[in-house]
Visitor: 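Quick one: structure below, then a few questions.
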Amino acid sequence: MTERQIRLFGDPVLRSVSDPVRLGAPGNEQLVDDLVETVQIPGRAGLAAPQIGVGLRAFSWNVDGEVGYVLNPVLEVWGEPEIVDEGCLSVPGFYFPRRRYPNARVRGIDLAGDEIVIEGEGLMAQALQHETDHLDGKLYIEGLDPEIKREAMREVRQADWFRAA
């Protein structure tokens, strides 16, 4: 298992739609190990494969002491969207208000091909939506209200880590 470096805003892999994971493909177990180990660093709630440079539909989560992973997730959401503060490992140091559904469920598979269903509210619902967005090539900044998005983009572009890239 290896903790992987996080890809930052501006990296093209973060804007690409991820391919489905093929069961039995070489590297799947290593990918899952890397996702799970890397998400266990304190302060991390979720990590999608594109964030570590892998364009496959897989993510891990670490919410309320529960750590896991899912391959080829399909997201369902319900309830009235609420404003929540959200950040992203690929946009470090920034948190912005955006709308998320209060309830979410992801259906996918594990390495053996068995069905996994993860359901949650609050932070878990937010993480499921956020990580699924990554697999579709979307960053959370894209979902901000237009005025907040303009300010967010201005702030991010002034960040030391962004200017150094």
Visitor: Please tell me if the side chains of N28 and V21 come closer than 4.5 Å, counting only heavy atoms from C-beta onward.
Guide: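 Yes. Closest side-chain heavy atoms under 4.5 Å.
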Visitor: According to a 4.5 Å side-chain heavy-atom criterion applied to Ile, Leu, Val, Met, Phe, Trp and Tyr, with indirect links allowed, do L35 and I109 form part of one hydrophobic cluster?
Guide: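 Linked within one cluster.
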Visitor: Is V77 linked to L144 within one hydrophobic cluster, defined over Ile, Leu, Val, Met, Phe, Trp and Tyr using a side-chain heavy-atom separation of less than 4.5 Å?
Guide: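 Shared cluster, no.
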Visitor: Hydrophobic clusters here meaning ILVMFWY residues chained together by side-chain heavy-atom distances under 4.5 Å, can you tell me if Y101 and V74 are in one?
Guide: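 Looking at the clustering, V74 is in a separate group from Y101.
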Visitor: When you look at Q51 and L14, which way does the side chain to side chain contact (heavy atoms under 4.5 Å, CB included) test go after all the steps?
Guide: CA-CA 7 Å; Q51 292 181 278; L14 297 173; 4.0 Å; yes
Visitor: Could you measure the distance from the CG atom of L8 to the SG atom of C88? Nearest 0.5 Å is fine.
Guide: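 So the CG of L8 and the SG of C88 are separated by 9.5 Å.
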Visitor: Take E3 and I41, measure what side chain to side chain contact (heavy atoms under 4.5 Å, CB included) needs, and give me the verdict at the end.
Guide: CA-CA 9 Å; E3 176 193 333; I41 294 171; 3.1 Å; yes
Visitor: Between R57 and D136, does the salt bridge (Lys or Arg N to Asp or Glu O under 4.0 Å) criterion hold? Intermediate values first, please.
Guide: CA-CA 9 Å; R57 296 189 72 77; D136 294 331; 3.0 Å; yes
Visitor: So, are R100 and E86 salt-bridged, with charged N and O less than 4.0 Å apart?
Guide: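 Yes, this pair counts.
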Visitor: With side chain to side chain contact (heavy atoms under 4.5 Å, CB included) as the criterion, how do V91 and W161 come out once you've worked through the C-alpha distance, each side chain's angles and the decisive distance to 0.1 Å?
Guide: CA-CA 9 Å; V91 189; W161 59 262; 4.2 Å; yes
Visitor: Hey, what's the ring geometry for H130 with H134, parallel, tilted or perpendicular (30° and 60° as the breaks)?
Guide: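 Taking H134 first and then H130, their aromatic rings stand perpendicular (interplane angle over 60°).
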Visitor: Run through R105, R107, Q129 and flag the one making a side-chain contact (heavy atoms from CB on, under 4.5 Å) with L75.
Guide: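 Between L75 and the candidates, side-chain contact (heavy atoms from CB on, under 4.5 Å) is satisfied uniquely by Q129.
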Visitor: Is there a path of hydrophobic side-chain contacts, each under 4.5 Å between heavy atoms, that joins F162 and M153?
Guide: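 In one cluster with F162: M153, yes.
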Visitor: Are more than 12 heavy atoms, taken from residues, nucleotides or ligands other than D64, located less than 6.0 Å from that residue's CG atom?
Guide: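 It does not: D64 CG has 12 such atoms or fewer within range.
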